[in-house]
Chemist: 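This is the structure I have questions about; it appears just below.
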Protein chains: 2
Amino acid sequence: MRKTAPTLANVAALAGVSQITVSRILRNKGPIAPDTRARVMSAVQAIGYVPNRVAGSLASAGSNLMGVVIPSLSNIVFPEVLRGIHEALDESGFQPVVAVTDYDMAREETLLRSLLAWKPAAMIIAGFDHTDESRRMLENSGIRVAELMDIDAEPIDIAVGLSHRRAGHATGRHLIECGYRRFGYVGHDWAADRRARLRYDGLCQALAEAGLSLAGESVGDGSSSVFAGRDGLARLRQSSPAVDVAVFSNDDMAVGGVFHCMAEGIVPKADLGLFGFNGLEIGQALPVPLSTIRSDRYRIGRLAVEHILNPARGDAPRIIDVGFEIVAGGTA
Amino acid sequence: MRKTAPTLANVAALAGVSQITVSRILRNKGPIAPDTRARVMSAVQAIGYVPNRVAGSLASAGSNLMGVVIPSLSNIVFPEVLRGIHEALDESGFQPVVAVTDYDMAREETLLRSLLAWKPAAMIIAGFDHTDESRRMLENSGIRVAELMDIDAEPIDIAVGLSHRRAGHATGRHLIECGYRRFGYVGHDWAADRRARLRYDGLCQALAEAGLSLAGESVGDGSSSVFAGRDGLARLRQSSPAVDVAVFSNDDMAVGGVFHCMAEGIVPKADLGLFGFNGLEIGQALPVPLSTIRSDRYRIGRLAVEHILNPARGDAPRIIDVGFEIVAGGTA
DNA sequence: CTGTTAGCGCCTTCAT
DNA sequence: ATGAAGGCGCTAACAG
């Protein structure tokens with residue numbers, strides 16, 4: 001067993017060429033004589049050479065690393081975004097270095113600093129809430145930055161997502177057209193979830209435009225979950241029994257609402273309308289498919305990578321809107 | 001705006017000290033005079049210096065990177081493992097570089113090569129199915145390797161997880177004690193999911209030990225999902241109507257089974273027992289909580305990091321069993 | 001407590 | 001088509 005890992009120099013010596021020739025062959029740069037290439041490749045095999053990208057990046061001042069910052073792994077939407085990022089990334093030979101902020105801006109700043117220290121080729125960040133220092137670091141880094149999920153604010157570089165305010169507004173319009181008038185809202189803690197707040201605002205605005213307002217709301221202080229949705233609807237029905245439709249902060253919550261109805265013998269739609277957000281599989285697999293708004297998280301991840309890897313041209317759009325789609329479903 | 005990023009040399013010049021002094025201060029190495037430190041720190045601030053870890057790692061022959069390889073982000077269990085890894089990791093100042101194989105061993109080999117090129121401090125890999133070349137690279141790399149999720153095979157270095165064979169066996173024993181005799185199995189494609197197969201084997205073994213065998217099975221050819229579980233149970237009931245309990249390959253599938261029952265007016269447990277695996281929140285939030293086996297994916301991630309960061313001592317265990325727990329629930 | 005001297009392994013530039 | 005020299009930014013190993 002060799003004690004120190006083989007280097008370019010070792011390969012070069014074995015193949016009887018210079019380091020740079022080996023380097024070129026391994027990177028497919030410049031013209032190489034076929035037999036030289038063969039000789040070198042077999043030397044690489046023979047000693048089991050693994051290139052050292054740390055050295056390579058230092059010398060060439062550029063890495064194949066991409067920084068990725070997300071607030072959470074618990075909320076299913078972020079793994080979905082990550083999936084899009086991963087797939088798009090490894091088609092282009094980049095590797096993601098992932099950091100999870102747990103919705104903490106100070107932590108985000110620290111993580112960002114660590115990521116930047118690796119000189120990533122670009123940075124993908126979910127959300128728009130950053131400390132001033134984070135923003136400054138990002139701007140000074142000189143690399144492309146994509147902010148994901150929402151497009152309701154001015155991005156540092158580019159933004160990829162959808163307008164959650166408009167999604168909330170569309171929810172209100174749709175349900176009003178369905179004939180609902182006495183709206184209830186079941187939500188979770190907003191501190192962490194700026195986008196849920198934007199949807200709420202959009203909903204309220206749609207109601208106001210129709211001369212309506214929320215008849216009741218039940219907002220928990222934890223993060224969203226099926227349990228929180230169950231409890232939330234139970235509380236809403238207690239405090240505001242007259243409500244004819246419940247809008248949930250997202251599908252997890254809404255599925256909980258459906259379960260509450262099942263347990264209480266309430267028939268969704270006939271007795272009470274239920275509406276979610278996200279379009280998760282679980283909602284569509286329910287005995288009665290959930291009425292909701294579908295967004296394409298996977299696509300957000302993919303598009304972010306694709307746009308950020310394309311050098312910015314002057315005419316490139318700074319905001320990429322993936323849109324959303326109302327799923328009529330059977331619960332509202 | 002400076003065109004090239006500030007370096008240690010710039011900070012040193014500004015503070016009137018040598019590079020190494022700045023380096024030491026930034027890494028809290030060795031004794032430093034308080035006023036020197038102060039001078040240097042303000043120089044760092046002044047020019048907005050961000051350390052370059054690429055250079056640092058090359059010089060010190062060691063990175064704070066940790067390779068992480070998982071098969072999928074779609075199956076909720078892997079984000080949960082990732083969460084454990086992330087939390088444990090950033091308490092120790094390491095950064096994960098994540099790769100997703102999509103259950104493809106050849107792709108895993110490629111990704112492994114790329115990860116190894118960054119000279120990570122250690123490697124965490126979900127699963128035991130690797131190409132020979134992957135195994136060789138891992139062994140030759142000289143770094144610690146943790147294989148996650150299952151412990152039913154011989155690890156390269158250490159394994160963290162639970163015995164899925166034993167979990168399947170426990171499922172069988174438990175349900176037999178509950179009085180069930182006519183077992184049905186509803187599963188998904190095993191090609192990707194070796195662990196589901198191990199649970200199946202354990203189940204069959206428990207049945208055999210009691211003089212029983214599967215009365216029917218319905219195995220889909222896609223990955224697990226709520227929809228697949230719904231359809232699977234529908235098919236099972238058609239082909240084997242006499243079955244008195246359905247064991248599902250996991251909770252997603254079992255929740256689908258519960259939905260099928262709801263839609264068909266079948267009462268879980270009274271009419272038909274339903275049993276899952278994983279202990280997901282969604283199962284426990286159902287109107288009737290799902291009977292299942294709970295495993296702690298988060299803990300698997302955490303423990304993997306903790307064990308792998310502790311230098312191997314001779315007496316350190318190579319297999320870390322996080323165990324599992326039967327959740328009686330209300331569906332079996 | 002601080003500095004000097006040498007690289008780490010590779011790639012860029014300029015030759016040949 | 002190939003090579004030689006030099007340096008990327010930082011840190012280990014010794015001084016002093």
Side-chain angles (χ1 to χ4, degrees), chain A residues 2-41 43-44 47-65 114 116-121 141-142, chain B residues 2-41 43-44 47-65 114 116-121 141-142:
Chain A
R2 185 181 290 92
K3 38 189 43 170
T4 121
T7 70
L8 261 196
N10 298 323
V11 178
L14 188 66
V17 296
S18 70
Q19 293 191 31
I20 188 60
T21 299
V22 180
S23 174
R24 281 179 184 131
I25 290 173
L26 262 21
R27 286 175 303 138
N28 299 309
K29 282 264 189 188
I32 299 289
D35 66 313
T36 316
R37 158 171 275 117
R39 208 145 30 90
V40 166
M41 289 314 277
V44 166
I47 65 178
Y49 171 70
V50 177
N52 182 338
R53 270 197 192 285
V54 178
S57 291
L58 180 59
S60 67
S63 80
N64 70 335
L65 258 23
S114 303
L116 255 10
W118 281 101
K119 305 289 168 195
S141 71
Chain B
R2 184 182 288 92
K3 37 189 47 178
T4 121
T7 70
L8 259 197
N10 299 324
V11 178
L14 188 68
V17 296
S18 70
Q19 294 192 31
I20 189 65
T21 299
V22 180
S23 173
R24 281 179 184 129
I25 290 173
L26 262 21
R27 288 176 301 141
N28 299 308
K29 281 264 189 184
I32 299 289
D35 66 314
T36 314
R37 156 170 276 117
R39 209 146 27 90
V40 166
M41 289 313 276
V44 166
I47 64 179
Y49 172 71
V50 177
N52 181 338
R53 269 198 192 284
V54 178
S57 291
L58 181 59
S60 66
S63 79
N64 71 334
L65 257 23
S114 304
L116 255 9
W118 281 103
K119 305 289 166 193
S141 71

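Just so we're on the same page: letters track the sequence lines, and every chain starts at 1. It should be emphasised that the depicted structure is a prediction, and the values quoted were computed from it without experimental measurement. The figures that follow rest on heavy atoms only: side chains count, while hydrogens, waters and symmetry mates do not.
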Chemist: How many whole angstroms separate atom CD1 of B:I25 from atom C1' of C:dG3?
Modeler: 13 Å
Chemist: Whole-Å distance between C:dG9 P and B:W118 CH2?
Modeler: 15 Å
Chemist: Within less than 4.0 Å of OP1 or OP2 of D:dT11, is there a side-chain N or O belonging to B:S23?
Modeler: yes
Chemist: Rounded to whole angstroms, how far apart are CG on A:D35 and C1' on D:dT2?
Modeler: 12 Å
Chemist: Categorize B:I32 for me: base, sugar-phosphate, or nothing, with a 4.0 angstrom heavy-atom threshold over every strand shown.
Modeler: sugar-phosphate
Chemist: Send over the distance from B:I20 CD1 to D:dG16 P, rounded to a whole Å.
Modeler: 17 Å
Chemist: Going from CG on A:L26 to OH on A:Y49, what distance comes out if it is rounded to the nearest 0.5 angstrom?
Modeler: 6.0 Å
Chemist: Within the 4.0 Å heavy-atom criterion, would you say B:R24 contacts the bases, only the backbone, or no part of the nucleic acid?
Modeler: base
Chemist: Starting at CG of A:N64, measure out to CH2 of B:W118 and round the result to the nearest 0.5 Å.
Modeler: 5.5 Å
Chemist: When rounded to the nearest 0.5 angstrom, what distance separates CG in B:N10 from CD in B:Q19?
Modeler: 9.0 Å
Chemist: Check the phosphate of D:dA12 against B:R27, side-chain N and O only, distance under 4.0 Å to OP1 or OP2. Yes or no?
Modeler: yes
Chemist: From C-beta outward on A:A33, which listed nucleotide comes closest to its side chain: D:dA1, C:dC8, C:dC1?
Modeler: D:dA1
Chemist: Enter the distance from B:L58:CG to B:S63:OG here, rounded to the nearest 0.5 Å.
Modeler: 11.5 Å
Chemist: So, is A:T21 close to the D:dT2 phosphate, meaning a side-chain N or O under 4.0 Å from OP1 or OP2?
Modeler: no
Chemist: Main chain of A:R53, side chain of A:S57: is a donor-acceptor contact present, judged purely on distance under 3.5 Å?
Modeler: yes
Chemist: Please report the distance, rounded to the nearest Å, between CG in A:L58 and P in C:dC8.
Modeler: 13 Å
Chemist: Taking the nucleotide of DNA chain C with the closest heavy atom to each, which residue, A:S60 or B:R39, is nearer the 5' end?
Modeler: B:R39
Chemist: Rounding to a whole Å, what distance do you find between B:L26:CG and C:dT2:C1'?
Modeler: 16 Å
Chemist: Using the side-chain heavy atoms of B:A55, tell me which of these nucleotides is nearest: D:dC10, C:dG3, C:dC10.
Modeler: D:dC10
Chemist: On DNA chain C, compare the nucleotides closest to A:A9 and B:V17; which residue's is nearer the 5' end?
Modeler: B:V17
Chemist: Mind checking if A:A61 touches a base, just sugar-phosphate, or nothing, with heavy atoms under 4.0 Å?
Modeler: nothing
Chemist: Using a 4.0 Å heavy-atom cut-off, does B:S57 contact any base of the nucleic acid, only the sugar-phosphate backbone, or nothing at all?
Modeler: nothing
Chemist: Name the nucleic acid region contacted by A:L8, choosing base, sugar-phosphate or nothing; use a 4.0 angstrom heavy-atom cut-off, strictly under.
Modeler: sugar-phosphate
Chemist: Could you state the CD-P distance from B:Q19 to C:dG3, rounded to the nearest angstrom?
Modeler: 11 Å
Chemist: Do the side-chain N or O atoms of A:Y49 get closer than 4.0 angstrom to the phosphate oxygens (OP1, OP2) of C:dC10?
Modeler: yes
Chemist: Looking only at non-hydrogen atoms, find the nearest pair between B:A12 and B:S18 and report the distance.
Modeler: CB-C, 3.7 Å
Chemist: Report the distance from atom CG of A:N52 to atom P of C:dG9, rounded to the nearest whole Å.
Modeler: 7 Å
Chemist: Which nucleotide in the set C:dG3, D:dC10, D:dA12 lies at the smallest distance from any side-chain heavy atom of B:S18?
Modeler: C:dG3
Chemist: Base, sugar-phosphate alone, or nothing: which one does A:V54 contact when heavy atoms must sit under 4.0 Å apart?
Modeler: nothing
